[in-house]
Amino acid sequence: MKIEQFEDKSLSHYSYAVLSERQNEVVLIDPSRDLSPYIAYAASNKAKIIGVIETHPHADFVSGHLELHETTGATIYCSKLIGAEYPHHTFDDGQQLNFGEIMLKAVNTPGHSPDGISIVLEQEGKDYAVFTGDTLFIGDCGRPDLRESAGNITSKREDLAKQMYHSLREKLMNLDDEVLLYPAHGAGTLCGKGLSEANSSTMGAEKISNWSLQQMTESQFITKLLADQPFIPAYFTFDVELNRKGAMALNLALEKVKRTNWDSTIIDSQVVIVDARSAAAFKTSHLKGAINIMADGKFETWLGSIIKPSEPFYLVAENNKALNDLLLRTAKIGYESFIKEAFVLIAGDTSSDQTAIIDFKENPSAYTIVDVRNRSEVTENAGFEHALHIPLPELRSRIAEIPSNKPIMVHCAGGYRSAAASSIIEGEFSAQTKVYDLSTAVKDFF
C-alpha cells in the first residue's frame, strides 16, 4: 500500500492517491481539476484509478471528479448530504470501500461544511491514516462560515462551529495517536486561519499541539473558532455549487476560451481587464483601467476575490507560455468561462508614475494613504496614522470612500496586493489625482 500526496502550492491544496499494490488499483481523494498528475501516477505504477472521493464540495478550487468518472469510469463517492448532481455512490457513516489490502471507511464530520466527511484508511485490521478534508488541519480546523448561502444544505456559522466541536471530539479524537493525518490544505489557504507549514502529522501530535483539540467548553470553542477568520473570496460560493454539479472537462473548457491577437480596437471599455504581468512591466505600460493581479503570487485567490462570479473580463499575459499557464490557473477556480478574450499584450496605452516614493517618505501627510491589508493585519500593526483602511477584496465596492483632494499612496504588507489595489484606484482616479504604489518600500516604514 502506498499513499501519494500531491500539492498545488498556489492554492495550498493537498490531494491524495491511495494505491493498492496487491490489486494495482488507485483511489483518489479530493483531486484538483487538472487530472494529469494522477493519470501519470497511476500509469507509473501500472495501476487503474477505480474511485474518487470528495470529502465535501470544495469552495476554493474546482475538483476533477466528474471528468475522472467520464474518462476512466472511476466511481465517485461522496456524502448523500451533498445532493450531488453527478453520478455517484453515497459514502457516509458505516460505509466502506474495499480494494486489495485496503479498506476506506467514511466518517461524517460536519463542521467546516454540513456535508463533510473524513476517510479512515484501515490496513490489516488497524486504522493507519485519516484523510480529514477541511475538517481538521495541522494546527487548526476548518472555518465554519462558508456555507451560510451555498450548497445543497446551508448552515449558520454558529451551528457549524458547534458541529465542528463535536466532530473533532466524538469522531476524530477517538482515533489512535499513531494514525497519520492527511488534510486537504496547508498554510496559505483561506479555509482556515492558522495552519501549520507541515504537510502531514499524526493524531497524537495534533492532540497535543492543535488548539482546536484542547480541552475547552463548547461555548469557548465556538467563540475562538469564529474569531478572526480571514475574508471570504467572492468565488467561494460559486465553486461550492460548481463542485456539487460537477465541472466540464478541463481541456474542453479551455478550448472554449476565445484567444485573440491583441488589438486595441477590440477592447470593450465596460469589461474589466486583468493584467497578470509583473508590477514593473505593468507600471511601465498597460491598458487604461486594467487591474494588475500578478501571476507571481496567489493569482487564483485574488482573481476570485476581485472579480465576481459571472463578471466578464479580459485576460492579459506577457507571452503565450504565460498565457497558457494563466488559463489553466483561471480554470482551477472555474473562471475560464468568464473570460471574454485572452491575449498577449503588445503595447499599452498608459503608464503609472512612481516618482513619489522619496517625497512620500519626507512628507507622508501630503498624501491620502490607503491601506488594503486585512483587518486582522491592521489590528496587529496599525501602520500609518490616519490611513484609510479598505481591505483589497472590498476596494472596488468601496472606492467612493477615497477622497481625491490629495495624491493617493496605496500600500499592503509586502507589495502584491498594493499593485492590484493601486491599479484599481488609478483606473478610477487618474483624471483627478495621482495614484502611487508604495510596493515593497512599505517595509521601510513598518
Side-chain angles (χ1 to χ4, degrees), residues 11 13-16 18 27-33 35 49-70 73-97 104-120 130-137 141-157 159-164 166-167 171-172 182-185 189 191-192 232 235-249 309 332-334:
L11 287 168
H13 168 220
Y14 298 129
S15 55
Y16 301 90
V18 180
V27 171
L28 302 180
I29 300 174
D30 291 334
S32 63
R33 193 174 188 183
L35 299 176
I49 299 175
I50 62 165
V52 54
I53 302 174
E54 290 290 287
T55 59
H56 63 293
H58 299 277
D60 58 320
F61 70 92
V62 175
S63 172
H65 54 283
L66 179 56
E67 180 180 356
L68 192 75
H69 166 74
E70 293 173 338
T75 301
I76 305 173
Y77 298 87
C78 65
S79 172
K80 63 185 177 183
L81 299 176
I82 288 178
E85 297 184 9
Y86 46 79
H88 66 280
H89 286 190
T90 58
F91 203 48
D92 292 283
D93 274 338
Q95 294 182 291
Q96 304 169 355
L97 169 58
L104 297 177
K105 302 180 291 186
V107 181
N108 289 90
T109 50
H112 171 69
S113 65
D115 40 32
I117 59 174
S118 296
I119 314 300
V120 176
V130 60
F131 303 89
T132 53
D134 286 15
T135 301
L136 180 62
F137 298 130
C141 66
R143 65 190 299 174
D145 56 348
L146 300 182
R147 291 292 294 273
E148 294 189 319
S149 61
N152 180 53
I153 300 174
T154 58
S155 297
K156 290 187 178 299
R157 62 190 65 190
D159 294 335
L160 279 178
K162 180 177 179 178
Q163 290 183 318
M164 178 68 81
H166 292 282
S167 290
K171 299 288 186 74
L172 296 179
Y182 292 112
H185 289 293
T189 182
C191 290
I232 302 175
Y235 79 97
F236 271 20
T237 298
F238 170 77
D239 272 16
V240 168
E241 191 61 21
L242 181 57
N243 281 319
R244 193 175 71 84
K245 294 178 178 178
M248 181 186 299
K332 287 182 184 179
I333 63 168

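- Side-chain contact between D134 and T55 is absent, with no heavy atoms from C-beta onward closer than 4.5 Å.
- Neither side chain, D30 nor S15, offers a donor N or O lying under 3.5 Å from an acceptor on the other.
- With rounding to the nearest 0.5 Å, the separation of CZ in R143 from CZ in R157 is 8.0 Å.
- Between the side chain of N152 and the backbone N or O of L81, at least one donor-acceptor pair lies under 3.5 Å.
- For the atom pair C191 SG and H56 NE2, the distance stands at 6.0 Å (nearest 0.5 Å).
- Classified by interplanar angle (parallel below 30°, tilted 30° to 60°, perpendicular above 60°), the ring pair H185/F61 is perpendicular.
- Between I82 and R244, the shortest heavy-atom distance links the atoms O-CD, 3.1 Å.
- Under the 3.5 Å distance criterion, with hydrogens and angles disregarded, a donor-acceptor pair is assigned to the side chains of S63 and E54.
- The side-chain heavy atoms of I53 and L28, taken from C-beta on, include no pair separated by under 4.5 Å.
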Kindly indicate, with the supporting measurements, whether the criterion side-chain contact (heavy atoms from CB on, under 4.5 Å) is fulfilled by V130 and L172. CA-CA 9 Å; V130 60; L172 296 179; 4.1 Å; yes

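- Of all the heavy atoms in H112 and R147, the pair that sits closest is O-CG, 4.2 Å.
- Crowding of H89 atom NE2: a count of heavy atoms from other residues, nucleotides or ligands under 6.0 Å not exceeding 12.
- Here the shortest heavy-atom pairing between Y86 and G246 reads CD2-N, 4.0 Å.
- L35 has its side chain within reach of E67: a pair of non-hydrogen atoms, C-beta onward, lies under 4.5 Å apart.
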Output, in order, the C-alpha distance, side-chain angles, deciding distance and verdict of ring pair (Phe, Tyr, Trp, His ring centres under 6.0 Å) for Y182 and Y14. CA-CA 8 Å; Y182 292 112; Y14 298 129; 9.2 Å; no

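- T135 and T109 share a side-chain donor-acceptor pair at under 3.5 Å.
- Contact check for S149 versus T237: side-chain heavy atoms found under the 4.5 Å cut-off.
- Note that CG of D60 and CD1 of I232 are 12.5 Å apart. Values are rounded to the nearest 0.5 Å.
- Counting all heavy atoms, side chain and backbone alike, L160 lies closest to S155 at CG-CB, 3.6 Å.
- Within the model, atoms CE of M248 and NZ of K245 stand 12.5 Å from one another, a figure rounded to the nearest 0.5 Å.
- What you find for P183 and F137 is that their closest heavy atoms are CB-CD2, 3.9 Å.
- Using a 4.5 Å heavy-atom threshold, the side chains of T75 and I50 count as separate.
- One distance of note links CD of E148 with OG1 of T154; it measures 9.0 Å at 0.5 Å rounding.
- Atom NZ of K156 is separated from atom CG of D159 by 8.0 Å, given to the nearest 0.5 angstrom.
- Here the side chains of N108 and S79 are in contact, with some heavy-atom distance below 4.5 Å.
- The heavy-atom pair separating F238 from I333 by the smallest distance is CE2-O, 3.9 Å.
- Using a 4.5 Å heavy-atom cutoff, the side chains of V52 and Y77 are not in contact.
- A 6.0 Å sphere centred on NZ of K171 holds more than 12 heavy atoms belonging to other residues, nucleotides or ligands.
- Residues T90 and D92 have side chains that never bring a donor and an acceptor to within less than 3.5 angstrom of each other.
- Counting only heavy atoms from C-beta outward, the side chains of S32 and K332 never approach each other to under 4.5 Å.
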